[in-house]
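Single-structure report; data block below.
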Amino acid sequence: MVEDYKDKIIEIINYAKENNVPIMQEEGISYLTNYIEKNDIHSVLEIGTAIGFSAIMMALTKEDITITSIEKDETRYMEAVKNVKKLGLEDKITLLYKDALDVSLNNTYDCIFIDAAKSKNTEFFEKFSTKLNENGTIITDNMKFHGYVDKDESEIKSRNLRGLVRKVKEYREFLRNNKTFETEFLDDIGDGIAVSRRKEDK
Ligand code: SAM
């Protein structure tokens, strides 16, 4: 299905590059779309739309799938609306312009994809795991935070960056010690991906 939309997708990737919009790396998006294709996933909630690249790629994995995606930046949200329209995917993708931490949702989802402010991953996980279907999966991107997670703190000059890296490390600990969810850390894929599922005896 992606082949039919190739040129338009390349335009979106080029726009992201030219305007410094962070979108998923090639390896990461391949893993995500492949996971959705191979598993029984028909509804996805995405935290962090940016300009709609990953939402569009997920929507193109199968006929019977819907994506709800939340973005708090107005310019990016508007660009995402334009892109979804350009690909004619309005029936499959619902875009919400809001801070995810202020959103209230009535639905539940087969998959939740967390790709927004990296300092708030734990809050997103705690809030949205209540919206995950019984056998659902929560996927989080940037678990290596551009490689900084493996660096010694003394090597990171910026205080702000050190704070962010610490938050990502804390999130890794939060997942590792989670009593309800079991997490697989795929550190070799893209910028590192975490795949969390409910433990069987829960
Ligand atoms: N998933 C997108 C893709 O691969 O095409 C990339 C998302 S980008 C890495 C992260 C986005 O999350 C940014 O556009 C940012 O504005 C948005 N964001 C950050 N914090 C947010 C929040 N609390 N609520 C909603 N969006 C947020």
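Position 1 is the first residue of the sequence, and the numbers go up from there. Both ligands and their constituent atoms are indexed starting at 1 by order of listing. All heavy atoms count here, side chains included; hydrogens, waters and symmetry mates do not.
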Worksheet item: What do you reckon, is NZ of K86 surrounded by more than 12 foreign heavy atoms closer than 6.0 Å?
Response: yes
Worksheet entry | Other residues, nucleotides, ligands: >12 heavy atoms within 6.0 Å of D188 CG | no
Item to complete: Using a 4.5 Å cut-off on heavy atoms from C-beta on, say whether the side chain of R172 contacts that of N177.
Response: no
Worksheet item: What is the distance from atom CZ of F113 to atom OG of S69, rounded to the nearest 0.5 Å?
Response: 9.0 Å
Discussion item. Going by ring pair (Phe, Tyr, Trp, His ring centres under 6.0 Å), name the residues that satisfy it together with F128, two or more places apart in sequence or in a different chain.
Written reply: none
Practice prompt. Scan side-chain atoms only and decide if Y35 and T137 contain a donor-acceptor pair under the 3.5 Å cut-off.
Written response: yes
Item to complete: Non-hydrogen atoms closer than 4.0 Å to ligand 1: which protein residues do they belong to? List them by chain and number, please.
Response: P22, I23, M24, E46, G48, T49, A50, F53, S54, I70, E71, K72, D73, R76, K98, D99, A100, D115, A116, A117, F124
